[in-house]
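This report concerns only the one structure given below.
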Amino acid sequence: MHQDFSKESLERITTGGLIGSRIHFFETIDSTNSHADVLATHGAREGEVVVADRQTAGRGRLRGRVWHSPPGRNLYTSVILRPPIPPAFATGLVFVAGVAVAELLNGYCPVALKWPNDVLAGGRKISGILTEMRSKGPEVEFVVVGIGINVNMEPDDFQEDLRPLSTSLREETSREVSRLDLTAGLYRLLEQWYRIFLRDGLAPVRDRWLEYSGMAGQMVEVTDGTVRHRGRCQGIDDEGILLLLDEHHRNISIRFGDVTIQKDG
Amino acid sequence: MEEVLAPMPGNILEVIVKVGDAVKEDDELVILEAMKMENPICSPVDGTVKEIKVKAKDVVEADQLLVVIE
């Protein structure tokens, strides 16, 4: 059950690429994103990654919500990027990460993307992406792309309240999945899509993202606090903004909020 | 006097400082979020927080004034 998942084994399978060019491995860490942020603040180079076997305070997207991170089961990694782009364009990296993870996991089981950064299998969450940026004036200093993937979690491993909402590759495929292979694939795909994004902008990433989302043409509801919008999804634009057409045929541009696909749509 | 502007459109997740707080360069002032990407906005200088122009959940445009440091 317990496969070799260590700095040495990770270094063996990630030779040559930009992402994973230096691996900071921890048996246990509070949060890979927090550590990557500290490393990048102190000058870590683009492509350096933090990997942990276990997180004690892995952060979910909502501040203070903890990503459940037991040892020996999952993949927790944070990647440091230093894209030469203005801060307003850096949000494209949320979609870059989503497409990379979706392509990776789709090699194991069918997955779907939900705007802007959820990765679902069978309607349940299989991966979490938390992207953070530091900018100074008009420039991005660095971006940390944190990715957690439920790999070999079994139903009993999940906290009871998360069990109906979460799944893992093992649950979906009924077999144990190599975290080493998964990590190597993740870094390769992330690098591939990152280079496409830097060279060609968000458009090709967006097109791929839409293929995986299945949202285009669906009725969706978006809630942001007390504000609620409902409309048919027309896709996303080049900045990642969600485009809806409401029942009065008005165009609505959504920058924030939680999206639900309406089953009766 | 340093005006701290939003580097991108987004919403304010959290305001970390209060008026009158002493801050150092690179201390976090405000957390901005766009497309679920968190962007801590840091002080460009050592100084004191003179004005805070936003509160949590506010929606801001690029280049909107967030905080004044003196």
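Just so it is clear: chains get the letters A, B, ... in the order the sequence lines come, proteins before strands, and each one is counted from 1.
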(request) Answer with side chain, backbone, both or neither: which region of A:Ile241 has an atom nearer than 4.5 Å to a non-hydrogen atom of chain B? (result)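 Interface part for A:Ile241: both.
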(request) Against chain B, label A:Val143 side chain, backbone, both or neither, depending on which of its atoms sit under 4.5 Å from a heavy atom there. (result)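 For A:Val143, the side chain is the part near chain B, not the backbone.
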(request) Mark yes when over 12 heavy atoms from residues, nucleotides or ligands other than A:Phe89 sit less than 6.0 Å from its CZ; otherwise mark no. (result)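 Atom CZ in A:Phe89 is not crowded, with 12 or fewer foreign heavy atoms closer than 6.0 Å.
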(message) Using heavy-atom distances under 4.5 Å, tell me whether B:Ala34 contacts chain A through its side chain, its backbone, both, or neither.
(response)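 Contact with chain A involves both backbone and side-chain atoms of B:Ala34.
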(message) Less than 4.0 angstrom from a charged side-chain N to a carboxylate O is my criterion; do B:Glu28 and A:Arg134 meet it?
(response)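 Looking at A:Arg134 together with B:Glu28, the answer is yes, because their closest N to O distance falls below 4.0 Å.
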(message) Tell me whether A:Asp258 is salt-bridged to B:Lys36, with the criterion being a basic N under 4.0 Å from an acidic carboxylate O.
(response)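 Result for this pair is yes, salt bridge flagged.
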Do [X] and [Y] have side chains that approach each other closer than 4.5 Å (heavy atoms only, starting at C-beta)?
X        : Y        : value
A:Phe256 : B:Met35  : no
B:Ile41  : A:Lys136 : no
B:Met8   : A:Thr91  : yes

(request) Considering only heavy atoms and a distance below 4.5 Å, find which of B:Asp63, B:Asn11, B:Val4 pairs most often with chain A. (result)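 Counting heavy-atom pairs under 4.5 Å, the top option is B:Asn11.
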(request) Using a cut-off of under 4.5 Å on heavy-atom pairs, state which of B:Cys42, B:Pro44, B:Gly10, B:Ala6 scores highest against chain A. (result)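 If we count pairs closer than 4.5 Å to chain A, B:Gly10 comes out on top.
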(message) To the closest 0.5 Å, what do you measure between CD1 (B:Ile31) and CD (A:Glu132)?
(response)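 With rounding to 0.5 Å, CD1 (B:Ile31) is 8.0 Å from CD (A:Glu132).
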(request) Quick one: closest heavy-atom pair of B:Met37 and A:Ala90, and the distance? (result)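 Closest approach of B:Met37 to A:Ala90: CE-O, 3.1 Å.
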